[in-house]
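Computation of the quantities below employed the complete heavy-atom set of this structure, encompassing side-chain atoms and omitting hydrogens, waters and symmetry-equivalent molecules.
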Protein chains: 2
Amino acid sequence: MDTGHAATADVPCTDALPGAALGGPVSHAVSRVARLHRIAAGKLLKGLGLYPGQELLMMHLWDSGPVRQSELIRTLDLDPSTVTKMLQRLEQTGHVRRRPDPDDRRAVLVEATDESCALHAAVRDAWGSLEEHTLAGLESDERAELTRLLAKVEANLCQETEGCPERG
Amino acid sequence: MDTGHAATADVPCTDALPGAALGGPVSHAVSRVARLHRIAAGKLLKGLGLYPGQELLMMHLWDSGPVRQSELIRTLDLDPSTVTKMLQRLEQTGHVRRRPDPDDRRAVLVEATDESCALHAAVRDAWGSLEEHTLAGLESDERAELTRLLAKVEANLCQETEGCPERG
DNA sequence: CACTTTACCTTGGTCGGCCAAGTAATGAGC
DNA sequence: GCTCATTACTTGGCCGACCAAGGTAAAGTG
């Protein structure tokens with residue numbers, strides 16, 4: 001097999017695209033954007049004592065009050081074990097309280113602590129500016145188009161992975 | 001069957017984005033799409049003995065021949081420690097060989113093993129179908145638009161995170 | 001009522017990814 | 001030549017995320 005290592009030295013400048021990206025420009029872009037987005041979120045959340053990912057869980061908690069863990073799993077569409085561990089850490093850092101559900105002794109009720117509620121506004125704000133930062137320079141119609149296309153892509157990826165909540 | 005992961009049974013209609021999403025629809029969509037995309041990639045790569053993320057590294061290696069580790073770090077735009085650990089695992093699974101650079105005793109030269117080259121076509125193929133699956137139902141102009149918008153978003157996120165390789 | 005299935009959650013392991021801190025070699029300045 | 005900063009990589013720790021497997025409690029079935 002020809003390993004075809006032609007790229008490093010004297011290629012007549014095909015505009016740099018690392019070559020690997022040629023095989024799937026959108027896939028590539030999605031990963032990169034997601035990673036950068038996560039990093040940006042992390043920086044904004046760092047001052048608030050949250051790690052990226054946790055804010056979504058907290059937002060749902062702030063929004064919905066006490067909920068079953070299974071509710072969180074369904075809403076966030078994450079693996080149960082992921083949520084368990086996130087909650088363990090959030091409990092340890094005092095953002096969340098868990099207690100057994102009296103109506104169903106298998107279940108666990110989760111709610112945001114009062115202290116965590118102080119972060120609510122800050123987190124909402126952080127997400128707002130993150131969204132704005134993400135979409136800077138895009139016109140309204142571009143934003144709408146991006147949203148539409150991402151939804152379409154999500155639906156595509158969903159149907160096979162079989163793991164996402166149906167949408168109307 | 002349903003191991004409890006996101007049951008699609010009788011969800012009480014989580015229909016219109018759980019409220020948490022209202023604060024940043026695109027941010028939300030990006031995370032979700034990226035996760036689904038990663039899962040899909042993982043399924044395709046599973047049969048090839050690779051984990052999602054590793055394929056990008058391997059593709060670059062197949063493309064470029066022996067390279068310095070720093071080259072990989074720069075190209076993939078990852079943390080050095082991430083690349084180190086990925087390479088350790090790839091070395092252990094026989095996909096990659098590492099040897100010290102004779103010209104610079106700090107540096108490490110990395111190259112794909114011959115056995116790994118057998119995967120080259122399969123991986124390229126997998127990425128091709130993943131890209132196609134991702135973009136199913138999108139017209140050419142929609143694809144171009146999505147690519148353009150993602151690039152714009154990436155540039156936005158880049159400029160502040162300050163961690164991405166300039167292009168162009 | 002026992003028996004089986006299903007739902008809810010936990011544990012343990014693995015990977016990708018980050019940061020922070022450390023080692024070692026190169027290179028620049030004096 | 002010696003010091004000092006820079007570069008290249010490693011280590012350890014942590015988090016999100018997955019899967020696989022387990023334990024317990026509720027619900028379905030005979």
Contacts under 3.5 Å, N or O only, protein and nucleotides 24-29 of chain D:
{"from": "D:dA26", "atom 1": "OP1", "to": "A:R105", "atom 2": "N", "distance (Å)": "2.9"}

### Query
Pick the nucleotide of DNA chain C nearest each of B:R38 and A:A107; which residue has the one closer to the 5' end?
A:A107
#### Entry: side chain to side chain contact (heavy atoms under 4.5 Å, CB included) partners of A:S81, counting only residues at least two apart
A:D79
#### Entry: Partner residues of A:R38 under the salt bridge (Lys or Arg N to Asp or Glu O under 4.0 Å) criterion, sequence neighbours left out
none
### Summary
If one requires at least 3 consecutive Watson-Crick or G-U pairs with distances under 3.5 Å, the stems of DNA chain C turn out to be C:1-30 with D:1-30
### Query
Is any side-chain N of the basic residue among A:D101 and A:R106 closer than 4.0 Å to the acidic one's carboxylate O?
no
### Query
Can you check the B:K85 NZ to D:dC14 P distance for me, whole Å?
12 Å
### 5′-ward residue of the pair A:K46/A:V83 relative to DNA chain C
A:V83
#### Entry: Residue-phosphate contact under 4.0 Å: A:T82 side-chain N/O, D:dC18 OP1/OP2
yes
### Query
Under 4.0 angstrom, heavy atoms only, what part of the nucleic acid is B:L78 near: base, sugar-phosphate, or nothing?
sugar-phosphate
### Message
Once salt bridge (charged side-chain N to carboxylate O under 4.0 Å, His left out) is applied, what residue pairs with a partner in residues 81-95 of chain A remain, sequence neighbours excluded?
### Response
A:E91-A:R98
### Nucleotide of D:dG13, C:dT10, D:dG16 approaching A:Q69 most closely (side-chain heavy atoms)
C:dT10
### Query
Under the side-chain hydrogen bond (donor to acceptor under 3.5 Å, both in side chains) test, which residues partner A:D125, sequence neighbours left out?
none
### Query
Among D:dA17, C:dG17, D:dC9, which is the nearest nucleotide to the side chain of B:T84?
D:dC9
### Message
Any salt bridge linking B:E131 with B:R143? Criterion: basic side-chain nitrogen under 4.0 Å from a carboxylate oxygen.
### Response
no
### Query
In whole angstrom, what separates B:D101's CG from C:dT26's C1'?
12 Å
### Task
Starting at atom CG of B:L72, determine the distance to atom P of D:dC9, rounded to an integer number of angstrom.
9 Å
### Message
Without decimals, in angstroms, what is the distance between A:K43 NZ and C:dC19 C1'?
### Response
11 Å
#### Entry: B:D79 CG to D:dC15 P, straight-line distance once rounded to whole Å
17 Å
### Query
Counting just side-chain N and O atoms, does B:R89 come under 4.0 Å of either OP1 or OP2 of C:dG16?
yes
### Query
Taking CD from B:Q54 and C1' from D:dC18, how many angstroms apart are they, rounded to a whole number?
14 Å
### Message
Once side chain to side chain contact (heavy atoms under 4.5 Å, CB included) is applied, do any residues pair with B:E139, and if so which ones, sequence neighbours excluded?
### Response
B:D141, B:E142
### Separation of atom CG in A:L87 from atom C1' in D:dG16, rounded to whole Å
13 Å
### Query
If we ignore angles and hydrogens, is there a donor and acceptor under 3.5 Å between the side chains of A:R32 and A:H28?
no
### Task
Using a heavy-atom cut-off of under 4.0 Å over every strand shown, decide if B:S70 touches base, sugar-phosphate, or nothing.
sugar-phosphate
### Message
From CD of B:E71 over to C1' of D:dT7, roughly how many Å is that when rounded to an integer?
### Response
15 Å
## Note on the structure
Across all chains, not counting sequence neighbours, the side chain to side chain contact (heavy atoms under 4.5 Å, CB included) partners of B:S129 are B:L44
### Task
Examine D:dC18: is either OP1 or OP2 under 4.0 Å from a nitrogen or oxygen in the side chain of B:R35? Give yes or no.
yes
### Summary
By salt bridge (Lys or Arg N to Asp or Glu O under 4.0 Å), B:E111 pairs with (sequence neighbours left out) B:R97, B:R99
### Message
D:dC15, OP1 or OP2 - any side-chain N/O from A:Q88 closer than 4.0 Å?
### Response
no
### Message
Looking at B:R74, I'd like to know whether one of its side-chain N or O atoms comes within less than 4.0 Å of OP1 or OP2 on D:dC9.
### Response
no
### Message
Distance criterion of 3.5 Å, no angle test: do you see the side chain of A:S81 paired donor-to-acceptor with the base of D:dC19?
### Response
yes
